[in-house]
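Numbered from 1 within each chain, the chains take letters A, B, ... in sequence-line order. Values below: all heavy atoms of this structure, side chains included; hydrogens, waters and symmetry mates excluded.
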Amino acid sequence: MIYAITIYGEPGVFEALPKDRQNEVMSGHSALQSALSERGEFVSMKLMPPTSAVMVEPAPTEGSAPLITDGPFAETKENFLGFYAAEFKDLDEALEYAKMISSPVARLEVRPVAWAGGVISSV
Amino acid sequence: MSDWLEVTFTLHRPRALAALIRMFRDIDIAEEAFADACLKALIVWTNDGEPRDPLAWLLTTARNSGLDHVRKSQRRAAILSRHVEEFKPVPAETPDPDEMRDDVLRLLFICCHPELERRDQIAIALRVVLGLSVDEIASGFLIKPKTMEQRITRAKKKIASNPVAFETPSPAERGARLGEVSLMVYLMFSEGWSTSAGPKQIKFTLCEEAIRLARLLAALFPAMGEQAALLALLLFQHARRRARIDPEGKLVALDDQDRSLWDRANIAEATGLLQKAHRTGHQGVYIIQAAIAATHAHAASVDHTDWASIESHYAALYALQPTPVVRLNQIAAQAKLHGPIYALKAMEPLAQELSTYRWYHAMRGGLLQEAGDHHAAIAAFETVMTHRPTTPERVVITERIKISQESLRGM
């Protein structure tokens, strides 16, 4: 079963941390990434800060075009920051791996996902 | 744990201070009230965990603490008579986003007091809005903490004597404030990027703090192309920080930088922001400058740089900002397209206006060297030396002089 480990937190917190704290958080991520790559394929994505986002809202009336807006986004509220996805034996195993990136800057959600297709080569 | 809490306080400080200054109309009271709320948070949050809405918690606590202070202080009568309605109990909610936006803009605008020197405007913004200590700010500006303390105290007094309109600004006023504040943020970054004098060329904190403020503006004004572009511009520049100084501490010109050292994450974010800015259809100085920076950022090398597009961006910038320095930059791009002789001729009309601008002479020296006129090149580089270059610049110019001298000897 593919599980996604999704990361939620306040944007900007990581950037504002002192360097040694940043390294602490990053070492968790590098540990997870090397552990995941040893056991097979995985994807991980980090979303850029919400200021770079544009919203596509549903069309206001039937037949009209979707509404594209530039925000505003509640920057200080909890935000979707990024995710990992990989094949895990079961939920317990996924949770074990998720623990590797647990830190006070992020809340993690572990949830099974259905693969919907597509291929992305590493950038 | 306190490290994480400190970060939360730092992140919420601009918004909290902005709201508190609207309530109390006094920077000192607002600062004290916020510091007090953080102290309480340190105790309460460590025991009970962080509240669901930290900003609302901090604001409520700070407001109560500020009210206590006002009641006890002698200023009570004067302040109470001025805006009694401000003293109603606060609901524990984050203020309305529109109101918050005007609050933060007002706070930044207060820092841009016209009677303050630009460096003092920057210093006061670092102190009040971002909460840096006087020592940190002093080290950023390479001056003694004592001197910085005096400057900040004087600046605060000037600000206090000049009331800023507290009612909701009209769209035109809001636009003017935003322009003034954006310029201050841009100059804060420039100050950090290249100080006019001193042994240390790059002061990362000033650049990083300017980026923080630019982020704040871009978040508060998501539909404004110029503010997204300002953030993009600063990120494009900041991406080059590691390539700009070599291991011996020597300044490396853009042309000679190892581009693999450029920060790809910064460039990617800036690229996304610039595309968003272009979508607004706005045109402005930051959008154009960010487009120039993007052209450099995406070129694999100097030779692969799209100089024609850079040249046309500078032409557009000159239409908005007809200054000799912009024109000089346009000519620098023309030099890449049409060669040094063409550029040297194009520079001539600027000689008078830019006679004390050391980059004019440095660029002229470089072009003369390229054209093989080493006597004139040496003279131009020597002129640079008389206009107080920074120590890293001095090293670069001395080297350029040596190259021309060696060429002459070889002939």
Item to check | Atom group of R279(B) that falls short of 4.5 Å from chain A, counting heavy atoms | outcome: side chain

Item to check | Part of A228(B) within contact of chain A (heavy atom distance under 4.5 Å) | outcome: neither

Checklist outcome for this item: Okay, A268(B) and chain A: the region with an atom under 4.5 Å from a heavy atom over there is both

Next on the checklist: Tell me the closest heavy-atom pair linking L47(A) and G82(A), and the distance in Å.
Outcome noted: CD1-CA, 3.9 Å

Checklist outcome for this item: Rounded to the nearest 0.5 Å, the CE atom of M100(B) sits from the CG atom of L55(B) at a distance of 5.0 Å

Item to check | Segment of L231(B) engaging chain A (4.5 angstrom heavy-atom cut-off) | outcome: side chain

Checklist entry - Do R244(B)'s NZ or CZ and the ring of W193(B) fall within the cation-pi criteria of under 6.0 Å and 45°? => result yes

Item to check | Inter-chain contacts: residues 23-40 of chain A against chain B, heavy atoms under 4.5 Å | outcome: E24(A), V25(A)

Next on the checklist: Taking atom CD as the centre, does E41(A) end up with more than 12 heavy-atom neighbours from other residues, nucleotides or ligands that are less than 6.0 angstrom away?
Outcome noted: no

Checklist entry - Excluding sequence neighbours, so at least two apart, what forms side chain to side chain donor-acceptor pair (under 3.5 Å) with H298(B)? => result T271(B)

Next on the checklist: According to side chain to side chain donor-acceptor pair (under 3.5 Å), who are the partners of Q289(B), at least two apart in sequence or on a separate chain?
Outcome noted: Y186(B)

Which donor-acceptor pairs under 3.5 Å do the side chains of residues 126-133 of chain B make with protein atoms, sequence neighbours left out?
{"from": "R127(B)", "atom 1": "NH1", "to": "L132(B)", "atom 2": "O", "distance (Å)": "2.9"}
{"from": "S133(B)", "atom 1": "OG", "to": "E136(B)", "atom 2": "N", "distance (Å)": "3.1"}
{"from": "S133(B)", "atom 1": "OG", "to": "E136(B)", "atom 2": "OE1", "distance (Å)": "3.3"}

Checklist entry - Hey, what do you get for CD1 (I5(A)) to CD (E109(A)), rounding to the nearest 0.5 Å? => result 11.0 Å

Next on the checklist: So which residue, P49(A), P18(A), G12(A), A16(A), ends up with the most heavy-atom pairs under 4.5 Å with chain B?
Outcome noted: P49(A)

